[in-house]
Amino acid sequence: MSFTLTTPLYYVNDRAHLGSAYTTLACDAIARYQRLKGEQVVFITGCDEHGQKIQRTAEAQGLSPQAHCDAVSEGYRQLWNQWQISNDRFVRTTDPRHREIVQQFFKRVEANGDVVEGRQQGWYCVACEEFKDDPAEASAPHCAIHQKPLEWRDELNLFFRLSRYQQQIEALIAKPGFIAPSSRKKEVENFVAQGLRDFSISRVDLPWGIPVPGHPGHTFYVWFDALLGYLTALLDQNEEPDLALVNARGWPAQLHVIGKDILRFHAVYWPAMLLSAGLPLPERVFGHGFLTREGQKMGKSLGNVLDPESLLEHCGRDAVRWYLLRDIPFGDDGDFQQQRFSDLVNNDLANTIGNLLNRTSSMARRWFNEAVPPVPGGVAASHPLAVAALRAGEQFTRAMDLLDFRSAAEACLHLAITTNGYLNDQAPWKLMKQEGNELQVGSDLYAVLEATRWVAVLLAPLVPELSDRMLQQLGQAPLASGASLGAPSAWLAAQQWGGLQPGLALPEPQPVMQRLELEAPL
RNA sequence: GGCUCGGUAGCUCAGCUGGUUAGAGCGUGGGAUUCAUAACCCCAAGGUCGGGAGUUCAAGUCUCCCCCGAGCCA
């Protein structure tokens with residue numbers, strides 16, 4: 001089985017902000033989870049680089065559009081590198097290969113009779129790259145979103161006959177699970193129920209775009225071009241770009257993860273385009289929520305944007321991943337609160353989980369020859385911690401399959417809390433003060449170490465580096481979640497009570513998670 | 001303006017088809033403990049469930065109106 005998932009292709013109008021990082025991080029967790037389960041994953045991200053807005057932004061900086069796009073998309077690429085995002089592909093819509101795919105796709109759509117010429121007249125917002133419905137006689141209308149003046153356009157455009165797909169789209173969005181979370185479904189249903197209207201897919205006199213074959217002077221509308229980036233991304237760099245190959249390279253996608261604002265494009269326009277071109281449809285479109293910061297919208301005007309690069313620098317990957325995935329229900333809007341951020345990271349990761357490993361490893365080493373204690377009677381699968389671990393594993397998997405990172409994280413945390421509690425109840429440090437308790441202490445510590453190993457294993461998709469560090473302290477090999485191995489899943493195999501080898505040497509304990517001490521606002 | 005989603009302890013949220021004293025984690029206060037990253041464990045305080053009206057023997061949970069936030073469409 002293969003699993004293809006995508007982030008949106010980020011628009012290179014500006015450098016990356018926390019929102020894109022959030023989406024990408026979440027996708028990374030999904031990609032890692034699927035790989036760990038043994039799936040052949042194609043994790044796609046990239047940049048969307050055409051359109052008038054880009055052209056103007058570049059001009060304003062005295063750059064050619066290409067130079068501007070090169071710089072910004074390189075910024076994205078590097079950022080994802082720094083975050084150790086495990087994307088398999090990074091696609092740019094200015095790639096000549098993409099041009100080829102778009103043109104092939106268009107020819108299919110046109111051959112299917114879905115392209116018509118039409119006159120597009122109206123007020124246009126360059127920032128939205130959309131025509132607005134303001135009345136023609138309006139004087140100096142402004143875009144409600146961008147607060148910028150609209151421009152009057154009167155041009156002959158090519159239209160995609162979306163209206164022909166009314167029924168198919170209705171059937172598609174009615175499919176349970178296609179639109180996720182399900183709370184977003186109605187919004188799209190109502191939109192479709194109003195009747196789908198053909199939409200324009202070309203612009204004239206806009207040089208910064210892909211030329212429409214057979215229609216001189218026309219370039220593709222950015223959205224038409226951008227969505228197709230998901231297909232281009234699937235093709236290998238060293239093969240001729242050929243649309244006919246995408247099915248063999250991982251299409252259709254199992255999942256498009258997007259921000260809730262672009263749900264319409266992905267759940268309505270995009271499937272219709274694919275139907276027209278005779279390509280299979282993605283299985284699921286997940287629209288996640290937006291992040292605010294300390295209760296306020298982030299924006300340049302407020303001067304409160306949280307830069308993903310500086311966040312990384314000050315806090316590290318694990319901390320940020322944990323906070324965003326564990327505290328913000330995926331799908332809902334969320335608020336980034338610095339105090340809470342450091343509270344949760346310190347409490348969950350450093351204290352509850354990190355310290356559990358540290359204290360247990362210390363005891364085992366001290367009293368059992370710097371090794372995992374022997375278990376003479378054999379490892380009992382009926383041990384309360386074994387039961388707890390198994391349950392945590394089940395909850396984790398169930399949650400991850402639903403993209404419920406929060407609940408998945410809680411499963412790990414609960415296991416660690418239960419294990420800490422067990423340790424306190426057994427109090428091996430007391431038992432060891434009397435002779436003859438070594439066997440009891442040994443089996444207690446074994447169970448606690450083993451449960452801790454489970455925590456590390458489960459944590460792998462969410463906080464891969466922390467997981468590796470924990471496993472290393474337990475003398476275990478790291479779990480590779482960053483690349484598809486096509487091998488039987490070591491991760492699933494690791495979810496077996498008793499996987500920790502008695503007698504295995506334990507390295508000297510090192511804190512696996514530093515506490516965050518954030519004095520200044522980030 | 002229309003549609004959709006949300007408004008539950010200081011904070012982030014659970015609360016299924018209406019039914020005993022509304023739950024969890026964080027934060028706060030107290031206790032216990034020393035194996036450990038002043039960590040872990042236990043206990044406690046804290047809510048007129050956005051506001052108002054209604055349906056019902058019974059509503060956080062259903063209906064209507066209003067207020068606030070977000071997204072979409074205008």
Side-chain angles (χ1 to χ4, degrees), chain A residues 123 128 130-135 138 141 143-145 179 181-197 258-268 287-292 294-297 323-324 326-368 404 406-407 409-411 413-414 416-433 441 444-445 448-449 452 469 473 509-517:
Chain A
W123 293 101
C128 297
E130 267 185 343
F131 280 92
K132 298 291 171 180
D133 288 348
D134 295 59
C143 169
I145 299 164
I179 293 175
S182 55
S183 54
R184 297 252 136 78
K185 195 163 158 181
K186 251 191 188 135
E187 171 188 328
V188 180
E189 276 174 356
N190 290 350
F191 172 76
V192 174
Q194 291 170 8
L196 293 175
R197 290 186 289 175
I258 54 169
K260 60 182 179 177
D261 55 334
I262 54 175
L263 188 54
R264 201 175 87 241
F265 290 99
H266 285 77
V268 179
H288 73 247
F290 291 154
L291 296 179
T292 50
E294 313 292 347
Q296 289 195 303
K297 248 180 171 165
Y323 173 62
L324 293 177
R326 118 113 234 224
D327 201 42
I328 293 160
F330 195 52
D332 295 358
D333 289 343
D335 190 34
F336 189 101
Q337 297 179 331
Q338 185 162 330
Q339 185 62 52
R340 187 166 172 80
F341 170 41
S342 68
D343 281 346
L344 287 185
V345 167
N346 292 345
N347 207 71
D348 301 345
L349 260 28
N351 299 351
T352 301
I353 293 174
N355 183 53
L356 168 65
L357 172 60
N358 201 255
R359 66 196 295 217
T360 314
S361 174
S362 272
M363 286 186 276
R365 280 170 50 88
R366 178 170 309 173
W367 299 319
F368 294 91
D404 184 355
R406 162 190 264 259
S407 168
E410 267 169 10
L413 202 53
H414 282 324
I417 289 169
T418 303
T419 308
N420 268 318
Y422 178 81
L423 203 48
N424 276 58
D425 291 344
Q426 299 304 109
W429 49 91
K430 264 188 198 155
L431 291 174
M432 281 309 281
K433 285 179 180 158
V441 170
D444 285 345
L445 288 184
V448 171
L449 281 169
T452 307
R469 268 177 270 132
Q473 293 263 305
Q510 296 276 337
V512 286
M513 192 69 202
Q514 288 305 323
R515 299 169 62 82
L516 285 178
E517 313 281 352

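So that the names make sense, note that chain A is the first sequence line, chain B the second, and so on, each numbered from 1.
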Distance, rounded to the nearest Å, where A:Leu291 contributes CG and B:G69 contributes C1': 15 Å
Sugar-phosphate, base or nothing in reach of A:Met432, heavy atoms under 4.0 Å: nothing
A:Asp348 side-chain N/O to A:Leu413 backbone N/O, donor-acceptor pair under 3.5 Å: no
Rounded P spacing from B:G6 to B:A14 in Å: 9 Å
Span that lies between the C1' atom of B:G27 and that of B:A45, in whole angstrom: 13 Å
Any donor-acceptor pair under 3.5 Å from A:His288 side chain to A:Asp332 backbone: no
Under 4.0 Å protein heavy-atom contact, by nucleotide of nucleotides 9-18 of chain B - B base, S sugar-phosphate only: --BBS-----
Candidates B:A39, B:U4, B:G71 - which lies nearest the side chain of A:Arg515: B:A39
Selected nucleotide, minimal atom distance to A:Glu187 side chain, candidates B:C40, B:C72, B:U34: B:C72
Spacing between A:Glu410 atom CD and B:G23 atom P, to the nearest angstrom: 18 Å
Sugar-phosphate, base or nothing in reach of A:Arg365, heavy atoms under 4.0 Å: nothing
Donor-acceptor pair, side chain of A:Asp335 and main chain of A:Gly295, under 3.5 angstrom: yes
From CA spacing to verdict: side chain to side chain contact (heavy atoms under 4.5 Å, CB included), A:Leu445, A:Leu423: CA-CA 8 Å; A:Leu445 288 184; A:Leu423 203 48; 4.1 Å; yes
Which nucleotide in B:U37, B:C5, B:G71 has an atom nearest any side-chain atom of A:Ser183: B:C5
Plane angle bin for A:Phe341 and A:Phe336 - parallel if under 30°, tilted between 30 and 60°, otherwise perpendicular: tilted
Nearest-nucleotide 5' precedence on RNA chain B, A:Thr418 against A:Arg184: A:Arg184
Heavy-atom donor-acceptor pair, A:Asp333 side chain to A:Gly289 backbone, under 3.5 Å: no
Donor-acceptor under 3.5 Å (A:Glu294 side chain, A:Gln338 main chain): yes
Contact under 4.0 Å: A:Lys186 side-chain N or O vs B:G2 OP1/OP2: no
A:Asp444 backbone acceptor or donor facing A:Tyr422 side chain under 3.5 Å: no
Nearest-Å distance once atom P is located in both B:U8 and B:G30: 29 Å
C1' gap between B:G60 and B:G50, integer Å: 12 Å
Donor-acceptor contact below 3.5 Å, side chain A:Gln473 vs main chain A:Asn358: no
5'-to-3' dot-bracket of RNA chain B (Watson-Crick, G-U; under 3.5 angstrom; crossing pairs as [ ]; | other strand): (((((((..((((.....[...)))).((((.........)))).....(((((..]....)))))))))))).
Inter-nucleotide P distance (B:A53, B:G46), Å rounded: 27 Å
B:C26 phosphate, OP1 or OP2, under 4.0 Å from A:Arg326 side-chain N/O: no
Separation between the P atoms of B:C35 and B:C49, rounded to whole Å: 48 Å
Residues from residues 347-357 of chain A lying under 4.0 Å of RNA chain B - heavy atoms: A:Asn347, A:Ala350, A:Asn351, A:Gly354, A:Asn355
Syn-anti status, with the boundary at 90° from 0, for the nucleotide B:G71: anti
Side-chain heavy-atom pair A:Arg359, A:Asn420 within 4.5 angstrom cut-off: yes
Side chain A:Asn346, main chain A:Ser342, donor-acceptor under 3.5 Å: yes
Span that lies between the P atom of B:A44 and that of B:G2, in whole angstrom: 49 Å
5' precedence on RNA chain B between A:Ser362 and A:Asn420 (nearest-nucleotide basis): A:Ser362
N/O donor-acceptor pair under 3.5 Å between A:Arg184 side chain and A:Gly287 backbone: yes
Spacing between A:Ile417 atom CD1 and B:C41 atom P, to the nearest angstrom: 6 Å
Listed nucleotide nearest any side-chain atom of A:Arg366, set B:G71, B:A36, B:C40: B:A36
Span that lies between the C1' atom of B:G15 and that of B:G23, in whole angstrom: 7 Å
Side-chain (A:Arg406) to main-chain (A:Asp327) donor-acceptor, under 3.5 angstrom: yes
